[in-house]
Amino acid sequence: MSQDNIVEFNHVQKSYDGETLVVKDLNLHVARGEFLTLLGPSGSGKTTVLMMLAGFEVPTHGEILLNGTPINAVPPHKRGIGMVFQNYALFPHMTVAENLRFPLDVRKISRADAEKKVQRALDMVRLGQFGNRRPGQLSGGQQQRVAVARALVFDPDLVLMDEPLGALDKNLREEMQLEIKHIHEQLGVSVVYVTHDQSEALTMSNRIAVFDDGVIQQLAAPDMLYEEPDNAFVAYFIGENNRLHGIVKQVNGKSCEVELENNGGTVKALPVNVAGEGQRTTLSLRPERVEVNPTNGIDNSFDARVEELIYLGDHIRTRVRVCGNDEFVIKIPNAHGHARINRGDTVKVGWALQDCRALDA
Amino acid sequence: MAQADITQDTGADGRLDKLTTADGTPLKVSIRRAMRRNKLIAFGLTAPLLFFIVFSFLMPIFDMASRSVENHQIPEAMPRTVAVLEGWNGQEVPGEAAFEALALDIQEGQRTRTIGRAATRLNYQEAGMRSLIMGSARRADQLEPPYKQALLEVDDDWGDLDVWRLIKRESGYYTASYYLNAIDLTYSDTGEIVAQPEYRQIYVMLFVRTLWMSALITGLALLLGFPVAHLLATLPARHANLLMILVLLPFWTSLLVRTTTWIVVLQTEGVLNDMMVWLGVISDDGRLQMIYNQIGTIVAMTQILLPFMILPLYSVMKGISPSYMRAAKSLGARPPVAFWRVYVPQTIPGMGAGGILVFILAIGYYITPALVGGQSGQLISNYIAYHMQQSLNWGLAAAIGTILLAGVLLLYATYNRIVGIDNMKLG
């Protein structure tokens with residue numbers, strides 16, 4: 001047990017109905033001062049993990065440590081964990097300042113100190129003038145900031161956030177992501193953040209735990225997660241990717257050959273998570289790592305027929321038919337001298353062995 | 001300007017004057033024209049209800065309110081007397097002219113059978129007036145001049161100054177005497193407003209009793225209903241549905257059945273007393289009187305009105321997200337504190353709606369107190385019914401009813417001022 005970890009989950013399991021496990025043998029450590037995101041589709045168990053940490057759900061098995069002490073039997077109000085809820089849960093009958101004073105009042109903090117802390121927290125989220133408003137009189141983004149301020153006003157070491165930006169529109173959401181990230185950096189507080197939005201997770205986190213089916217599929221820093229996914233689910237869930245299915249023909253240390261379905265040809269790939277020769281595998285290839293008219297000597301090179309071009313401003317999204325797959329996407333950056341291609345053309349496309357990861361089937 | 005259909009006229013002072021459509025019609029006019037069809041359809045759909053409410057609700061209420069001040073019986077049945085008494089100073093028994101007018105009124109009233117109404121009307125004010133007038137009317141054809149002597153021969157009460165003062169006082173088309181009566185006041189012989197003699201004071205006491213019993217019933221319903229509504233709102237759907245049926249089942253049962261069931265339970269030889277005797281809580285001679293008194297009214301009415309408290313509370317509680325309580329706990333509030341400071345204030349619209357509903361229903365309740373209230377459990381509405389059906393003094397019934405209605409409206413206005421009627425949620 002290390003003092004550097006503010007939270008530890010040891011072999012935690014959770015079942016609601018006694019028949020299926022929502023969380024299966026979770027072992028997770030959150031470092032002090034870390035911004036850790038639990039990312040996953042709905043029903044993957046990520047919110048359950050957060051609720052167990054907050055104390056609203058009891059683990060069926062296993063132990064949760066907070067600052068090195070087991071908290072399984074500690075009720076939520078004694079855990080001292082700040083929490084931001086999905087729909088903010090600002091108390092509608094209190095003003096903004098009263099909402100912020102609530103956690104201080106129940107801690108019997110003197111009136112003068114409380115006022116000071118409330119004002120400081122409001123200033124931190126740039127709502128210094130809004131103390132006397134009711135939550136209902138604020139915009140969604142302002143309510144969101146009040147909720148963050150309220151979760152932080154009593155100086156907790158750990159703050160939990162349950163999809164706090166889900167109700168905001170895209171621009172506001174991106175603005176709030178940065179704001180929360182900056183508050184985290186300023187205060188040095190540990191944050192456990194739940195979301196199903198991968199770009200949100202990539203923007204804000206130190207580390208991301210990708211959940212699926214009650215299991216952490218991969219726990220890594222955002223760049224590692226994107227560039228080196230361990231399995232097909234993570235590759236599929238984080239960012240866009242082309243998937244090619246095939247059978248492993250040969251494995252030679254750091255490379256393997258995969259024969260694709262539908263007579264798609266043979267591809268050289270990086271064996272990351274393959275069961276062995278003769279087994280099925282899924283190849284994962286990021287669209288931006290595919291070159292059009294590649295330089296000679298590239299590991300994989302195929303003829304592709306251009307099916308569709310979508311102009312997206314900064315890049316041109318190109319759908320081609322290659323290797324027996326007509327859902328293959330290439331991103332062509334809209335840079336000077338980029339390849340000019342037309343629908344119906346046949347072009348050469350290619351990619352390096354390291355960018356094509358052979359994962360589980 | 002890029003807009004094709006809307007042009008803006010700018011007034012002489014440069015201010016935007018009005019918007020017009022492309023053909024020059026003011027925008028507001030053309031919007032109104034476009035909306036007219038929808039408005040007509042909407043009105044057509046609500047019209048049956050509107051007419052129903054006007055005929056079955058507003059008009060009867062207006063009719064009732066006017067009955068409480070109407071006094072046409074006397075000026076209509078005794079026009080001559082009323083005219084003569086107009087110039088009378090009221091200091092002594094009037095002279096022959098008044099007696100002549102009275103005699104002619106009585107004779108004509110006897111012929112047209114209208115004198116009885118005036119007699120009944122005057123009898124409300126002073127017992128004995130009906131027999132005085134009807135006694136004279138039976139011998140109307142014997143009345144001959146000089147009328148004063150003739151009438152005094154029929155009944156020497158005609159020589160009583162107070163009788164004449166009463167007739168003069170009630171000779172207008174409108175009277176305040178029903179309202180005075182409804183709040184235990186009356187006119188003294190000299191025409192001043194004074195308290196009724198103590199043995200006739202009853203209505204103020206009844207109003208007070210109705211108000212406090214209704215308040216108590218509302219409080220009890222809130223106390224009993226709040227936990228049930230909370231359970232309904234928080235239990236898983238399967239259990240909540242069962243509980244909801246238990247709440248609604250009595251609601252669907254006949255009022256009469258429920259009331260009489262309480263008689264079975266609460267009477268001296270009833271279930272509850274039997275059980276307590278059997279358990280040894282009370283002795284067989286010490287059986288408790290729990291019905292045909294205020295306890296009976298309170299118990300039965302609380303039970304009957306409970307759904308009216310539970311349903312609005314439930315609908316409000318259903319809308320309170322459980323995340324509020326969680327948020328309060330995560331912020332460090334112990335569960336009771338979180339409940340009291342975060343949950344309860346959010347149920348105020350439901351408490352207000354349920355409270356006002358139960359209170360208003362309670363102050364007008366009639367059947368239950370009539371059946372289980374005995375003497376001490378009667379409410380003001382039982383006396384309204386009594387005056388409608390037994391004493392036939394509709395004017396007094398109307399006056400009491402109007403006071404009750406005014407009280408309810410006042411309560412409603414106060415509630416609106418304090419809590420705001422927009423905050424009320426009935427379901």
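Chain A is the first sequence line, chain B the second, and so forth, proteins listed ahead of strands; every chain is numbered from 1.
- Environment of CG in Asn132(A): sparse, with no more than 12 heavy atoms of neighbouring residues, nucleotides or ligands closer than 6.0 Å.
- Across every non-hydrogen atom of Ser323(B) and Phe85(A), the tightest pair is CB-CD2, 4.0 Å.
- Within 6.0 Å of the NE2 atom in His196(A), the count of heavy atoms belonging to other residues, nucleotides or ligands does not exceed 12.
- Taking 4.5 Å as the limit, every side-chain heavy atom of Val337(B) sits out of range of all side-chain heavy atoms of His77(A).
- Other residues, nucleotides and ligands contribute only 12 or fewer heavy atoms inside 6.0 Å of the CH2 atom of Trp340(B).
- Looking at Arg107(A), only its side chain comes within 4.5 Å of chain B, counting heavy atoms on both sides.
- Closest approach of Phe91(A) and Tyr324(B) over heavy atoms only: CE2-O, 3.5 Å.
- There is no contact between Ser321(B) and chain A, counting heavy-atom distances below 4.5 Å.
- Note: Arg150(A) CZ to Ser330(B) OG = 7.0 Å, rounded to the nearest 0.5 Å.
- Note that NZ of Lys329(B) and CZ of Phe56(A) are 6.5 Å apart. Values are rounded to the nearest 0.5 Å.
- For Leu90(A), the part lying near chain B is the backbone, with the side chain staying farther off; criterion is any non-hydrogen pair under 4.5 Å.
- Looking at heavy atoms from C-beta onward, Pro92(A) lies in side-chain contact with Gln346(B) at the 4.5 angstrom threshold.
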